[in-house]
Number of protein chains: 2
Amino acid sequence: MFIGEYQYKVDEKGRVPLPPRFRRELKEGMVLSKGMGEKCIAVYPIREWKKLADKLAEKTVIPANLRKLNRALFGSAFGAAFDGQGRIKLPDTLRAYAEIGDTTIVVGANARVELWSEEGWKAEQTVAEEQASQIIESLGA
Amino acid sequence: MFIGEYQYKVDEKGRVPLPPRFRRELKEGMVLSKGMGEKCIAVYPIREWKKLADKLAEKTVIPANLRKLNRALFGSAFGAAFDGQGRIKLPDTLRAYAEIGDTTIVVGANARVELWSEEGWKAEQTVAEEQASQIIESLGA
DNA sequence: CCCCTTTTCCCCACTTTTCCCCACAATCCT
DNA sequence: AGGATTGTGGGGAAAAGTGGGGAAAAGGGG
């Protein structure tokens, strides 16, 4: 389970360190892809990625919108691994898609990790909180 | 069950002691997150947090608002544990969110604990009292 | 086909931050 | 009043963030 919010610099070579707390779950490898619907980079542990891929493969009848999702997911996917310092390299295409400059916000989102630009994360946050309080109360917490 | 209201100092390193009475229930670990809707920090015993997380994980759905909830909840959540002196460290993002300076009010709220700024707690209290009297009367108490 | 240029990747080193432990002072309970 | 527990502060060791240099690989031109 990934939780927390961290800010890191992206160096001129496009490298980003991930929080040490996240590294254990990602050590076996990870897949980067476009965030579904949002302007962010999604980071899946290799195991979670496979589960996701299997779920999509099961559906023999594929509605058009799912087919689009398929293309967006797999077409934009890159494998990644840590260097000796716990950093990964962001592919230029994904970095441009998420509009990440020389700083990024790393966000734990349960089964996956997300990388945001500062501006994008701020905007997302304000929208999310209002809905969150309502749903939580409906869960009885 | 957490009850009572206590005032503590936040030292320059962002550490806060929790009331000794609370420590037994939190000894196995805790999760800090934004008090959804209110400007405070919510502290859940690890067991309570997992119950909440499981309820969300059940829903394999993809709706955008649930995705956003995931982000708001898990993104603002941080694991925490006591140091040798019964203190925890407040993450900077949460501390800023709750506008907690060098003093905080620790409030027992049944299944969870809440950390407030002095001003925020005062304001919340006056509002809460009015509503409480109404609700109690409606219960015939 | 070879060599030179450019890029990528890996490793090293410095600086900063974090975490853990110790110590003093005030308070509570007996 | 005495002892134990708790609030508060600070120092030191360990880990993490950041940047840069050099070797290996890839690409292009002679």
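Per chain, numbering begins at 1; letters A, B, ... match sequence-line order. Since this is a predicted model, take the numbers as computed values, not measurements.
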Given DNA chain C, 5'-ward residue of the pair B:D92 and A:F82, judged by closest heavy atom: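 Here A:F82 is the residue nearer the 5' end.
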Value in whole Å for how far the [atom2] atom of [N] lies from [atom1] of [X]:
X	N	atom1	atom2	value
A:D83	D:dA16	CG	C1'	13 Å
B:R24	D:dT5	CZ	C1'	17 Å
B:D11	D:dG10	CG	C1'	10 Å
A:Q7	C:dT17	CD	P	13 Å

I want to check one thing: is the phosphate of D:dG7, taken as OP1 and OP2, less than 4.0 Å away from some side-chain N or O of B:Y8?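 Indeed, a polar side-chain atom of B:Y8 lies that close.
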Does B:K13 place a side-chain N or O at less than 4.0 Å from the phosphate oxygens OP1/OP2 of C:dC20?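 No, because none of the side-chain N or O atoms of B:K13 sits under 4.0 Å from OP1 or OP2 of C:dC20.
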Per the atom types in the model, does the base of [N] pair as donor or acceptor with the side chain of [X] at under 3.5 Å?
X	N	value
B:R15	D:dG10	yes
B:Q85	C:dC22	yes
A:R87	D:dG19	yes

Report the C-alpha distance between B:R71 and A:E124 in whole Å, list the side-chain angles of each, state the deciding distance to 0.1 Å, and finish with yes or no for salt bridge (Lys or Arg N to Asp or Glu O under 4.0 Å). CA-CA 9 Å; B:R71 229 172 260 133; A:E124 179 70 18; 2.8 Å; yes
Considering the options A:Q125, A:E114, A:E118, which one meets the side-chain contact (heavy atoms from CB on, under 4.5 Å) requirement together with A:I105?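 Of the listed options, the one satisfying the test is A:E118.
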Tell me which of A:E12 and A:P20 sits closer to the 5' end of DNA chain D, going by the nucleotide each one is nearest to.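 Its nucleotide being nearer the 5' end, the pick is A:P20.
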Please work out which of the three classes, parallel, tilted or perpendicular, describes the rings of A:Y6 and A:F22, given edges at 30° and 60°.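 It falls in the perpendicular class, over 60°.
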Regarding A:R21, tell me which of base, sugar-phosphate or nothing describes its non-hydrogen contacts under 4.0 Å with the strands shown.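 Contact class for A:R21: none.
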Apply the salt bridge (Lys or Arg N to Asp or Glu O under 4.0 Å) test between B:D11 and each candidate in B:K9, B:R15, B:K13; give the one that qualifies.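 For B:D11, the salt bridge (Lys or Arg N to Asp or Glu O under 4.0 Å) test succeeds with only one of B:K9, B:R15, B:K13, which is B:R15.
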